[in-house]
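The next block holds one structure in the form of C-alpha cells; read it before the comments.
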Amino acid sequence: MSTEPVRIAVALPTGDTEVSGLWSAAPVAAATVALAHGAGAGMDHPFLTGLADALVASGISVLRFVFPYVEAGRRMPGPAPHAVATWASVEGWLASAAPGPYAAVGKSYGGRMASMASAERVIAPAGLAYLGYPLHPPGRPEKPRREHLPAIAVPQLFVEGENDPFIAPRAQFDEVVASCQDARVHWIAGGNHSFEVKGARRPADEIGAALAPVVAEFARSL
C-alpha cells in the first residue's frame, strides 16, 4: 500500500486556500471513502490511520484530509461554512482522482460537517457514515444538532458507542435516527465517544482498524 500526500484547493468565503490530504489507492478498489477527522485531532490521529490502513487492505481507496483550521495550526474549529466548502473541494478532487460514487465518512465533527454539506446539496456522496455523531455537547441534550438530518436522501450509517455521552439519552437519539429518510445504527458494545471500552484498553489505531469492516461493508453497498 502506498500513501500519497496531496494538496486540495478550497474556495472559502474569506478567500482561496489549500488543505493537506493523504490519498491511499487500493490496488483493485471496490469503493472509495473520503475520511474526515474530529474536532480535536487531524488526519494523522492513530484512530484514523488505523481505520484508513485497514480499509485500504480490504480494497477500499481512502482520501484523508484536514479542515482549514487544522491546516492553519489552530485547535478550535472554524466556521461551519469553511468545513462545508472543504467537503465540496474534497468531492471535486475525488471526481478527478477516482471518478464514481464515494462514501463521506467522518469522526464526530467531521461527520457532522459532511451531513450539513449533504443536506445543503453542496456535496452528493452515495452515502454518509458518522463515527460517533455529536448529537449534542455532553450533558446538554436540549441543544440537539438534528434539524438538517431528515433532508438527507442518501443512506446514513451511525456508528455509535453505547456509552457515548454525545447521544444520551438514548431515546432522543433513537428519535433522531427514526426521523431520517434512510438511516441505521451500528452499535459498539460498551464504547464511549472514542469507541474505547472500559476494562478493555486498546491502542487507538486498533480501535480504528476494528471499525473498518463496518465502514467497508457500508461503502461497498452504495
Side-chain angles (χ1 to χ4, degrees), residues 1-8 10 19-38 41-67 70 83-84 86-118 122-133 152-160 182-186 188 194-195 204-222:
M1 180 192 76
S2 62
T3 298
E4 174 190 357
V6 300
R7 300 290 290 174
I8 302 169
V10 181
V19 297
S20 301
L22 291 171
W23 172 239
S24 302
V28 182
T32 301
V33 160
L35 182 58
H37 59 80
M43 65 182 177
D44 291 321
H45 190 278
F47 172 86
L48 289 189
T49 299
L51 172 58
D53 288 349
L55 284 172
V56 175
S58 69
I60 308 293
S61 293
V62 179
L63 173 65
R64 281 180 281 162
F65 63 94
V66 300
F67 292 108
V70 172
V84 169
T86 304
W87 266 110
S89 296
V90 165
E91 181 173 275
W93 190 93
L94 282 175
S96 296
Y102 77 99
V105 182
K107 177 70 182 81
S108 193
Y109 167 86
R112 184 168 75 92
M113 293 298 105
S115 71
M116 292 174 62
S118 179
V122 173
I123 61 173
L128 299 108
Y130 315 119
L131 309 178
Y133 187 85
I152 298 172
V154 298
Q156 300 177 77
L157 172 66
F158 293 81
V159 182
E160 303 292 342
D182 182 357
R184 63 183 179 89
V185 184
H186 179 89
I188 304 300
S194 298
F195 304 105
D205 60 337
E206 290 185 11
I207 294 174
L211 298 183
V214 177
V215 176
E217 179 184 5
F218 176 73
R220 289 192 186 98
S221 71
L222 300 173

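Counting from 1, the numbers follow the sequence of the chain as shown.
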If you measure from NZ on Lys107 to CG on Leu211, what distance do you get to the nearest 0.5 Å? 9.5 Å
Measure the CG-CE distance between Leu35 and Met43 for me, rounded to the nearest 0.5 Å. 11.0 Å
Closest heavy-atom pair, Val33 versus Ala219, reported as atoms and distance to 0.1 Å, is CG2-CB, 4.0 Å
Ser108 side-chain N/O to Gly38 backbone N/O, donor-acceptor pair under 3.5 Å: no
To the nearest 0.5 angstrom, please state how far the CG atom of Leu63 sits from the CH2 atom of Trp23. 6.5 Å
Enter the distance from Asp205:CG to Phe47:CZ here, rounded to the nearest 0.5 Å. 11.0 Å
Using side-chain contact (heavy atoms from CB on, under 4.5 Å) as the criterion, list what pairs up with Val185, not counting sequence neighbours. Phe158, Glu160, Phe173, Val177, Trp187
Pairwise side-chain hydrogen bond (donor to acceptor under 3.5 Å, both in side chains) hits with a residue in residues 86-97, at least two apart: Glu91-Tyr102
Atom pair CG/CD1 of Leu51 and Ile60 - distance to nearest 0.5 Å: 10.5 Å
Determine, step by step, whether Thr32 and Ser61 satisfy the side-chain hydrogen bond (donor to acceptor under 3.5 Å, both in side chains) criterion, reporting the C-alpha distance in whole Å, the side-chain angles of both residues, the deciding distance to 0.1 Å, and the verdict. CA-CA 5 Å; Thr32 301; Ser61 293; 4.8 Å; no
Taking all atoms of both residues into account, what is the closest heavy-atom pair of Pro155 and Phe218, and its distance? O-CZ, 3.7 Å
Within a 6.0 Å radius of atom CD on Glu217, are there more than 12 heavy atoms belonging to other residues, nucleotides or ligands? no
Taking it one step at a time, do Arg64 and Ser24 satisfy side-chain hydrogen bond (donor to acceptor under 3.5 Å, both in side chains)? CA-CA 8 Å; Arg64 281 180 281 162; Ser24 302; 4.8 Å; no
Can you find a heavy atom in the side chain of Asp53 that is under 4.5 Å from one in the side chain of Thr49? yes
Residues which pass side chain to side chain donor-acceptor pair (under 3.5 Å) with Arg184, listed by chain and number, not counting sequence neighbours: none
Are Val214 and Leu157 close enough that some pair of their side-chain heavy atoms sits under 4.5 Å apart? yes
Salt bridge (Lys or Arg N to Asp or Glu O under 4.0 Å) partners for Arg220, two or more places apart: none
Is there side-chain contact between Ser194 and Ile207, with at least one heavy-atom pair below 4.5 Å? no
Quick one: side-chain contact (heavy atoms from CB on, under 4.5 Å) partners of Pro213, sequence neighbours excluded? none
Can you tell me how far NE2 of His37 sits from CG of Leu131, rounded to the nearest 0.5 angstrom? 13.5 Å
Do side-chain atoms of Ser118 reach the backbone of Ala114 as a donor and acceptor pair under 3.5 angstrom? no
In chain order, what residues pass the side chain to side chain donor-acceptor pair (under 3.5 Å) check against Gln156, with sequence neighbours excluded? Tyr130
